[in-house]
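What follows is a short report on a single structure.
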Amino acid sequence: MAGNLQNLFARLKEKGSQSLKGNGSAGKRESEVLSPFRVIVSKEISDHIRSWRFIILLAVIAMACLGSVYVAVANIGEALKSDDPENPFIFLKLFTVSDGTLPPFFVFVSFLGPLLGISMGFDAINSEQIKGTLSRVLAQPVHRDNLLNAKFTAALYVISVMFFALGFLVMGVGLIVTGLPPTAGEFLRVVFFIIISIFYVSFWLNLSILFSVKFRQPATSALAGIATWLFFTVFYGIIVSVVAKAAAPSETATTQQVVSYQEFILNLLRVLPSQLFSDATSTLLVPTVRSLGPLTMEQVVGTIPGPLPLGQSLLLVWPQITGLIAATILCFILSYLSFMRREVRSR
Amino acid sequence: MDRYIIELIDLTKVYGTFTAVDKLNLAIPRGEIYGLLGPNGAGKSTAILMMLGLTEPISGTVNVCGINSTTNPIEVRRKVGYLPEDVGFYEDYTGLENLVYTARLNSIPPVEAEEKAMSLLERVGLKDEAGKKAGKYSRGMRQRLGLADVLIKSPEVIILDEPTLGIDPKGVQELLDLIVRLSKEEGHTVLLSSHHLHQVQEICDRVGLIVNGKLIAEGNIASLSQQLFADEPLSLEAGLKMPTQNNDVSRVENLIETLRNLEGVMKVNLQGNELHIGCSQDNTEKIVEAIIKNGVGLSYLNKKEYGLNEIYNRYFEEVNNSR
């Protein structure tokens, strides 16, 4: 690390002297002066990348991703045979096909994404408080929201780079193994899938930043984050099924009642960020998905079975994406409210 | 330019039912080294936090360098270097990297930041430790690094919160010398808080005594003792050779009685072998005469100047008595 830094300094020096020699103008020199926000972001990014925590998570996620790609590639032939021969979206199968031994890629993301988000944010603020660096940094001419925004931006930046790299890696492996080039539509669908994954992780990131503002101990905030995650993945589903049983319509119920009951249960599930995420991703990665709710026979009659165009798929999941972003912003606002006017004491 | 670089007017901060800072008024002129003294929990740190806009007052105003700290904290923080109590650094970063980071937060270009950080590390005596991780620094080194961290933005005002806490006596001496030297060289105004009286006494031009959120006395040491010891400006300590026999003990009692009747003597207290005598006028001769006449052995006689310790103790006596 010391070596890296020396290199960095050497490079900075070079740059400095170049700009002095080159133009001799103050303008270029001033361009090196980053705003405090960008200074904090670059520090946080380098902290993330060097931290063991990130390296371990990266290794876990990369392994899961490669494993799922391996399974997908092994089973893609079978999937193609059994499927509609007119289905042109072979490439997307890389992300969704599985033989049951390993879940497909997008399930992995929905499972490991929260863990990634929580682990990158749970000690954002409170560890600085405990180390005594918070009051030192905030005694500099730095806006408080700069610190909060920078923590978020840096983690988001690292996550984005990582997801794009992984997504493109999977595409590259698929390209080499299957020899099939993706169409523009497929490529865009994967890009949107990655973007939605980033939104999803950023929700968990913001939630854990909120906990790190609220709780003084990093252990508490990590636990709170993981507890929320467990609640949403395990217990919430149980509660919904209990409610579903209790509210189930009788056998003599009209179609309308059954439909409204189905919608009610679906809406209960849609409180879950993971449900929103899996709705959105499955629609994007499986273009034949036409609706996320129940469809009546009248609605289906006369439709031509076939994939939706990308625009229509996006339109279908627009509420889900909006919901995810709204939840993210909500967490952000709450962190703001409690952080902006709080008293900053040393330790 | 304003006459006072730090100005607090009727500053009040209340936590629930506890009043931490109670209508505090303070005015510090440019270039002064000012010591804020008080016991723990007196409201020193809270007052300092309000000066930096790190917490908001309930009422009253704070102006630092003529800028309101509550409404415009960013501008204030450009001009004020603050060393928090028990300062922390990024432990995985070297001392130099920590300083460079602070410099860059203050919009100093990287190359200049590094040069400046190196020269400051040299001045605070950490040149050899520049490449060492801050997590491995000792307490005293951390405090010196903190001083460099404060100075790197070339502030007009330096605010140090308990800078000497937890450092050994030699380290304290060095640190205080450093503060005085650096501030005199660059003409900084220094505000430092402490509950260590004698340390502050040595370096401060003026001190303010703050207790329960109120400024109870202010001035240099001499004027402080005048304010607090108006009734008995002089104090004598007499070391007695304590007699062992019974009739000798009565001699001492007689002596105390005689002394109490002497003109100008306000207070006589016997503590062990030592006799504390507070007088309103200088009548040392008569006291010595009385001691010898009563046949009590005198081993020494000391005319006492009031230091901060006495001032401090005295004040707390009054507070406790009034309760």
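Each chain gets a letter, A, B and so on, in the order its sequence line appears, and its residues count up from 1.
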Worksheet entry | Stacked cation flag A:Lys131 on B:Phe89, 6.0 angstrom / 45 deg |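 So A:Lys131 doesn't make the cation-pi contact.
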
Worksheet item: Which is it for A:Glu343 and B:Leu54 under the side-chain contact (heavy atoms from CB on, under 4.5 Å) test, yes or no, and what are the steps along the way?
Response: CA-CA 6 Å; A:Glu343 178 174 300; B:Leu54 289 175; over 6 Å; no

Output the distance between atom [atom1] ([X]) and atom [atom2] ([Y]), rounded to the nearest 0.5 Å.
X	Y	atom1	atom2	result
A:Arg136	B:Tyr90	CZ	OH	6.5 Å
B:Asp161	A:Ser135	CG	OG	9.0 Å
B:Tyr93	A:Thr133	OH	OG1	11.0 Å

Worksheet item: Under the side-chain contact (heavy atoms from CB on, under 4.5 Å) criterion, do B:Arg104 and A:Val33 qualify, and how do the steps go?
Response: CA-CA 7 Å; B:Arg104 299 199 59 195; A:Val33 181; over 6 Å; no

Other residues, nucleotides, ligands: >12 heavy atoms within 6.0 Å of [X] [atom1]:
X	atom1	answer
A:Arg342	CZ	yes
A:Phe111	CZ	no
A:Phe108	CZ	yes

Worksheet item: Taking only residues two or more places apart in sequence or in another chain, which ones pass ring-ring contact (aromatic ring centres under 6.0 Å, His included) with A:Phe277?
Response: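 Per chain and number, A:Phe277 pairs via ring-ring contact (aromatic ring centres under 6.0 Å, His included) with A:Tyr200.
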
Item to complete: Examine whether an atom of A:Ser127 lies under 4.5 Å from a heavy atom of chain B, and if so say whether it belongs to the side chain, the backbone or both; otherwise answer neither.
Response: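 Contact with chain B is absent: no heavy atom of A:Ser127 under 4.5 Å.
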
Practice prompt. Below 4.5 Å from any heavy atom of chain A, which atoms of B:Glu56 appear? Answer side chain, backbone, both or neither.
Written response: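 It is the side chain, since no backbone atom gets that close.
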
Worksheet item: Relative to chain A, which segment of B:Ile74 carries a heavy atom at a distance below 4.5 Å: side chain, backbone, both, or neither?
Response: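 Its backbone and side chain both get close to chain A.
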
Item to complete: Would you please say whether a donor-acceptor pair under 3.5 Å links the side chains of A:Arg345 and B:Thr46?
Response: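 There is such a pair between these side chains.
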
Worksheet item: Are there residues of residues 138-162 of chain A that reach to under 4.5 Å of chain B by heavy atoms, and which ones?
Response: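 The stretch touches chain B at A:Leu138, A:Ala139, A:Gln140, A:Pro141, A:Val142, A:His143, A:Arg144.
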
Practice prompt. Output, in order, the C-alpha distance, side-chain angles, deciding distance and verdict of side-chain contact (heavy atoms from CB on, under 4.5 Å) for A:Ile40 and B:Leu105.
Written response: CA-CA 8 Å; A:Ile40 303 177; B:Leu105 286 179; 3.6 Å; yes

Discussion item. Below 4.5 Å, heavy-atom pairs only: which of B:Val87, B:Ile108, B:Leu52 has the largest tally toward chain A?
Written reply: B:Val87

